[in-house]
Amino acid sequence: SDIISRAYFVYYGLAAHYTEPFQYCEKRLKKGFEAGMSNGDTFSAFFCAIHHIRLSLIGGGKLSTLLRESEDYRNDAEQHGNIVAKKFFLMYQQSIQIMIDKGTLDVADELRQGEGLCITRLSEAMNFLKALQSFWLGYAERSHHY
């Protein structure tokens, strides 16, 4: 049971969504988060949570629920001192908030803190979310350059 969170993160977060329905993967990732937190494996737990929010967003989850869940995950990440996970959740919250009411959630200052911890995956996620926001807000013509 100690490796459940890591196994769920690797399989359901990175591979299964190509062959399994998103909703099934989301549920398993949420269970992976819970298993990781109960075992003290916060590394895997937070990566399960990040991928849970990502797949829920892509899979058409209810935005208000995703906003609440990302806030809960962000609070947990902050409580456990996981700055990288906190930044991911802040980016997802900003994107979800923009999609809900075209409002803005000012997270720029919090995202800039700890610049040394920024990793390639964080910037890739940010670019993906910016493209998703643009598409959602009606700027789909930017996607027609291929």
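Predicted, not measured: the structure shown is a model, and the values here were computed from it.
- Shortest non-hydrogen contact noted between H51 and G13 is ND1-O, 3.4 Å.
- The salt bridge (charged side-chain N to carboxylate O under 4.0 Å, His left out) analysis of residues 3-17, with sequence neighbours excluded, yields the pairs R6-D41.
- Considering every non-hydrogen atom in both A85 and A77, the closest pair reads CB-CB, 4.0 Å.
- A distance of 11.0 Å separates NZ of K30 from NZ of K27, quoted to the nearest 0.5 Å.
- Counting only residues at least two apart or on different chains, the side-chain hydrogen bond (donor to acceptor under 3.5 Å, both in side chains) pairs with a member in residues 56-65 are E26-S56.
- When atom types are taken as modelled, the side chain of S95 and the backbone of Y92 share no donor-acceptor pair closer than 3.5 angstrom.
- Between R28 and E20 no salt bridge is recorded (no basic side-chain N to carboxylate O distance below 4.0 Å).
- Ring geometry, F33 versus F46: the interplanar angle falls from 30° to 60°, so the pair is classed tilted.
- For the residue pair G61 and L66, the shortest heavy atom distance occurs at O-CD1, 4.0 Å.
- Taking NZ from K31 and SG from C48, the interatomic distance works out to 13.0 Å, rounded to the nearest 0.5 Å.
- With sequence neighbours left out, Y11 forms a ring pair (Phe, Tyr, Trp, His ring centres under 6.0 Å) with no residue at all.
- Side-chain contact check for Q93 versus I96: every heavy-atom pair is 4.5 Å or farther apart.
- Taking CZ of F88 as the start and CD1 of I83 as the end, the distance is 13.5 Å to the nearest 0.5 Å.
- Between E71 and R74 a salt bridge is recorded (basic side-chain N to carboxylate O distance below 4.0 Å).
- Note that CG of L55 is 12.0 Å distant from CD1 of I50, once rounded to the nearest 0.5 Å.
- Here the straight-line distance linking atom CD of E69 with atom CZ of F89 works out to 10.5 Å at 0.5 Å rounding.
- In this pair, F47 and F9 present their aromatic rings tilted. The plane angle is within the 30 to 60° band.
- A pairwise comparison of heavy atoms in G59 and Q23 identifies O-NE2, 3.8 Å as the closest pair.
- Rounding to the nearest 0.5 angstrom, the gap separating the CD1 atom in I3 from the OG atom in S44 is 10.5 Å.
- By the 30° and 60° cut-offs, the orientation of the rings of Y73 relative to H52 is perpendicular.
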